[in-house]
Amino acid sequence: MSVRVRFAPSPTGSLHLGNALTAVANRRFADERRGVMLLRIDDTDPSRAVTGGEEAILGDLGWLGIGFDDGLFRQSDRGAVYAEAADRALAASAAERDDDGSVRLARDGTTLLRADGTATYQLATVADDLGLGITHVIRGSDHRPNLPLQQRIARALGGELPDVIHHGLILGADGKKLSKRHGHSSIAELRAEGFPPSAIRAYLEELGLPEHDVHLDLSRLRRLAVDAIAAMPDDELAEAAGAPVEVVPALRGARSLVEAHEYAQLISEPEQIALPEEARVTLDRFAELRLPAPEWLSHDEARAIVRELKAVGGDLRALRLALTGAERGPELAAVLAALSRDAALARTA
RNA sequence: GGCCCAUUCGUCUAGUGGCCUAGGACACCGCCCUCUCACGGCGGCGGCACGGGUUCGAAUCCCGUAUGGGCCUCCA
């Protein structure tokens with residue numbers, strides 16, 4: 001029997017990092033077994049729905065490069081399936097109808113169908129895991145207490161719950177439940193902070209299926225961001241940083257995509273700043289070297305100029321300041337290579 | 001409070017009774033490289049939660065305690 005797993009978020013907006021871990025774990029579980037992962041939106045509770053919540057989740061998954069092979073299924077579309085499931089449980093005397101019209105599991109009174117006929121999460125999730133042919137449920141350990149109950153519901157529906165694997169949750173660095181207060185808790189936030197998707201993906205892959213709760217390790221995530229940026233092809237980095245591909249060599253030292261974008265800005269639109277008088281001699285020397293060189297420099301040619309300036313004791317900081325308007329930024333030679341002769345001379349005039 | 005799960009350096013982990021004086025990665029601290037940033041090189045700091053068993057031998061098995069977490073909704 002081929003493996004079939006599902007990722008089943010509630011449409012409450014951008015994915016929480018812990019949910020993303022579940023998605024990645026399911027994706028990997030399926031991939032490693034040439035199985036199928038389907039996407040299901042668990043939206044049985046309309047009061048919890050958030051406008052744009054589903055779109056945000058789809059956007060996050062796409063951004064992270066997590067695809068799905070079947071679905072998307074929405075529980076709000078599947079009322080008939082749950083009603084039929086409830087009937088089956090009723091017929092088998094595994095459930096009973098309450099005075100108010102709701103349907104409850106006979107054994108412990110857990111509500112399966114509300115009085116208005118809509119399914120609760122417990123019924124919907126079990127009916128779907130059975131009905132959609134799920135073979136393995138991989139979810140966060142916050143669901144662990146549900147396991148015995150869901151197994152009972154599965155039997156009440158005449159089936160058997162798939163194998164269930166629980167993984168530890170991602171907590172804040174302080175060991176408390178990850179929340180908005182910590183920052184960096186949702187994919188949207190991490191994205192805005194400039195983390196490349198491949199870094200987040202790598203972090204989640206690294207975590208695997210933690211047996212116990214883990215603390216979010218921002219240092220590790222930052223490191224992975226640096227590695228991910230270093231590994232990005234030029235065109236990809238250019239797009240991710242919103243910069244022209246010519247300046248990409250100058251973006252390599254950036255630690256985040258936000259910083260990469262700032263580096264690009266330094267080159268295209270530097271802030272005007274006043275330079276100290278002592279800088280003049282270095283800038284003049286630079287002009288002498290730059291003038292006879294080609295309109296555009298190769299990185300090697302740019303390095304040769306930097307080396308020459310350095311050899312004569314030039315003030316490279318002043319040159320950096322003149323060219324980018326900042327004391328820190330991309331490698332000098334990369335800046336020179338990204339600037340035309342005219343642009344460079346204008347800034348050092 | 002009840003039930004459940006977990007517990008190896010700051011963090012993530014390797015470790016399934018002898019190979020463990022507990023290995024690695026990231027972080028941190030020095031030094032080197034260096035126009036800043038990032039990368040890289042070298043070195044350092046630092047851990048089996050505690051107490052009892054079992055065993056010739058325990059990070060590894062059992063029990064207890066502690067700590068952390070999860071859940072206790074007609075939420076997911």
Side-chain angles (χ1 to χ4, degrees), chain A residues 8-12 16 18-19 22 40-49 75 98 100-105 108-125 139-150 166-178 202-208 210-227 229-231 250-256 259-260 262-263 266 282 303 305-307 309-310 313-324 326-336:
Chain A
S10 287
T12 53
H16 184 90
N19 287 137
T22 304
R40 189 178 79 208
I41 301 295
D42 282 11
D43 56 352
T44 52
D45 182 7
S47 70
R48 257 177 70 117
Q75 291 194 325
D98 212 32
D100 64 0
S102 61
V103 175
R104 293 162 183 267
L105 195 62
D108 59 20
T110 299
T111 303
L112 266 23
L113 231 43
R114 303 183 183 99
D116 64 5
T118 60
T120 61
Y121 160 75
Q122 301 292 5
L123 202 223
T125 192
R139 46 147 69 150
S141 60
D142 49 334
H143 286 280
R144 193 188 299 274
N146 291 148
L147 187 57
L149 169 63
Q150 292 177 348
H166 291 107
H167 67 252
L169 272 18
I170 298 180
L171 308 176
D174 58 1
K176 300 296 177 192
K177 195 170 176 177
L178 200 56
Y203 180 64
L204 298 176
E205 294 285 359
E206 204 168 80
L207 252 25
E211 255 185 76
H212 51 81
D213 296 347
V214 299
H215 296 195
L216 173 60
D217 187 348
L218 260 189
S219 298
R220 181 61 186 154
L221 202 44
R222 291 203 184 99
R223 173 55 182 233
L224 288 170
V226 167
D227 292 345
I229 288 173
L251 270 33
R252 292 296 175 182
R255 290 163 296 190
S256 74
E259 195 168 53
E262 287 166 2
Y263 278 14
L266 292 180
T282 295
R303 287 176 61 155
I305 290 181
V306 171
R307 209 176 306 127
L309 270 178
K310 195 180 169 188
D315 183 353
L316 296 176
R317 282 164 184 265
L319 179 59
R320 160 181 300 287
L321 220 41
L323 291 172
T324 67
E327 292 186 348
R328 295 182 166 190
E331 182 203 359
L332 257 187
V335 173
L336 287 181

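Just so we're on the same page: letters track the sequence lines, and every chain starts at 1.
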What is the distance, to the nearest angstrom, from the [atom1] atom on [X] to the [atom2] atom on [N]?
{"X": "A:Leu169", "N": "B:C12", "atom1": "CG", "atom2": "C1'", "answer": "16 Å"}
{"X": "A:Tyr203", "N": "B:U13", "atom1": "OH", "atom2": "C1'", "answer": "12 Å"}
{"X": "A:Glu205", "N": "B:U13", "atom1": "CD", "atom2": "C1'", "answer": "16 Å"}
{"X": "A:Arg139", "N": "B:C5", "atom1": "CZ", "atom2": "P", "answer": "15 Å"}
{"X": "A:Arg220", "N": "B:G24", "atom1": "CZ", "atom2": "P", "answer": "15 Å"}
{"X": "A:Leu216", "N": "B:G10", "atom1": "CG", "atom2": "P", "answer": "18 Å"}
{"X": "A:Leu207", "N": "B:C12", "atom1": "CG", "atom2": "C1'", "answer": "7 Å"}
{"X": "A:Gln150", "N": "B:C4", "atom1": "CD", "atom2": "P", "answer": "18 Å"}

Quote, to the nearest angstrom, the [atom1] distance that separates [N] from [M].
{"N": "B:U13", "M": "B:U7", "atom1": "P", "result": "10 Å"}
{"N": "B:G23", "M": "B:C9", "atom1": "C1'", "result": "12 Å"}
{"N": "B:C29", "M": "B:G10", "atom1": "C1'", "result": "13 Å"}
{"N": "B:A6", "M": "B:A14", "atom1": "P", "result": "15 Å"}
{"N": "B:C75", "M": "B:U16", "atom1": "P", "result": "47 Å"}
{"N": "B:G18", "M": "B:C62", "atom1": "P", "result": "16 Å"}
{"N": "B:G44", "M": "B:C37", "atom1": "C1'", "result": "25 Å"}
{"N": "B:G47", "M": "B:U11", "atom1": "C1'", "result": "12 Å"}

Could you check which nucleotide pairs with [N] in any of the strands shown, counting Watson-Crick or G-U wobble with both distances under 3.5 Å?
{"N": "B:C61", "value": "B:G53"}
{"N": "B:G40", "value": "B:C32"}
{"N": "B:G2", "value": "B:C71"}
{"N": "B:C26", "value": "B:G10"}

Next item on the list: Can you check each nucleotide of nucleotides 28-40 of chain B against protein heavy atoms at under 4.0 Å and return B for base, S for sugar-phosphate only, - for none, in 5' to 3' order?
Entry: ------SBBBSSS

Next item on the list: Spell out protein contact along nucleotides 71-76 of chain B as letters: B when the base is contacted, S when just the sugar-phosphate is, - when no protein heavy atom is under 4.0 Å; keep the 5' to 3' order.
Entry: S--BBB

Hey, are [Y] and [X] close enough side-chain-wise for a donor-acceptor pair under 3.5 Å?
{"X": "A:Arg114", "Y": "A:Thr118", "answer": "yes"}
{"X": "A:His167", "Y": "A:Thr22", "answer": "yes"}
{"X": "A:Thr125", "Y": "A:Arg40", "answer": "yes"}

Check: In terms of side-chain heavy atoms of A:Asp217, which of B:G10, B:A6, B:C4 is nearest?
Finding: B:G10

For the pair [X] (side chain) and [Y] (backbone), establish whether a donor and an acceptor sit closer than 3.5 Å, ignoring hydrogens and angles.
{"X": "A:Thr324", "Y": "A:Ala326", "answer": "yes"}
{"X": "A:Thr120", "Y": "A:Leu112", "answer": "yes"}
{"X": "A:Arg303", "Y": "A:Ala334", "answer": "no"}
{"X": "A:Thr282", "Y": "A:Gly314", "answer": "no"}

Nearest-0.5 Å distance that lies between atom [atom1] in [X] and atom [atom2] in [Y]:
{"X": "A:Leu319", "Y": "A:Leu336", "atom1": "CG", "atom2": "CG", "result": "6.0 Å"}
{"X": "A:Asp43", "Y": "A:Gln75", "atom1": "CG", "atom2": "CD", "result": "6.5 Å"}
{"X": "A:Asp98", "Y": "A:Arg104", "atom1": "CG", "atom2": "CZ", "result": "4.5 Å"}

Check: Contact class for A:Leu224 (heavy atom, under 4.0 Å): base, sugar-phosphate, or nothing?
Finding: nothing

Margin query: Could you report the tightest heavy-atom contact between A:Ala230 and A:Arg252, atom names first, then the distance?
Written below: O-NH1, 3.5 Å

